[in-house]
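Here it is, the structure, as structure tokens.
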Amino acid sequence: RRVPICLQGITLDALWLVLSEGNHDCVVVVNAQQHPIGLVSLRSLTPYVSPSLSQPLPLEKQGLDESLIEPLLLVPAHLN
């Protein structure tokens, strides 16, 4: 099963739409050059949706908070 991608500047409401329409549990986030920078899981968005999980809260127009993006790979500083 393919994992959808979204640009780093996606809004929370647009991200919620991608996840809910495709019945996905995560989305890969890419930068403007289409390089993957991390992923956002459905569970990380739970605080931003109502208890019914059907309607985004008023925070929906905000951009994607960097803290929601989980790195794809962690590289120790001494290897950079």
Side-chain angles (χ1 to χ4, degrees):
R1 183 170 152 185
R2 297 181 72 179
V3 176
I5 65 167
C6 68
L7 286 173
Q8 189 173 7
I10 193 169
T11 59
L12 290 177
D13 62 334
L15 180 58
W16 178 253
L17 187 63
V18 169
L19 286 166
S20 61
E21 282 186 343
N23 197 23
H24 299 286
D25 59 357
C26 67
V27 173
V28 173
V29 180
V30 296
N31 62 17
Q33 292 78 34
Q34 298 291 311
H35 296 132
I37 59 169
L39 63 90
V40 176
S41 64
L42 180 58
R43 68 178 151 69
S44 70
L45 295 179
T46 303
Y48 297 95
V49 295
S50 69
S52 68
L53 297 179
S54 62
Q55 293 295 323
L57 292 174
L59 298 173
E60 66 195 24
K61 297 297 181 195
Q62 291 185 0
L64 183 60
D65 187 333
E66 296 291 321
S67 67
L68 293 174
I69 303 172
E70 299 173 28
L72 293 176
L73 175 67
L74 296 175
V75 178
H78 71 277
L79 295 178
N80 283 334

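Source: prediction; values computed, not measured.
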Are any of the side-chain heavy atoms of Leu68 and Leu12 separated by less than 4.5 Å?
yes
Just jot down the side chain to side chain donor-acceptor pair (under 3.5 Å) partners of Ser41, sequence neighbours excluded, or say none.
Glu70
So which atom in Leu72 and which in Gly38 form the shortest heavy-atom distance, rounded to 0.1 Å?
CG-CA, 3.6 Å
Would you name the heavy atoms of Val28 and Pro36 that are closest together and state the gap between them?
CG1-CB, 4.0 Å
Where Cys6 and Leu15 come nearest, the two heavy atoms and their spacing
SG-CD1, 4.1 Å
Do the side chains of Val18 and Ile37 join up, straight or via other hydrophobic residues, at under 4.5 Å, putting them in one cluster?
yes
For Val40, does its backbone N or O pair with a side-chain atom of Ser44 as donor and acceptor, under 3.5 Å?
no
Looking only at non-hydrogen atoms, find the nearest pair between Gln8 and Val29 and report the distance.
CA-CG1, 3.6 Å
Is there a path of hydrophobic side-chain contacts, each under 4.5 Å between heavy atoms, that joins Leu7 and Val3?
yes
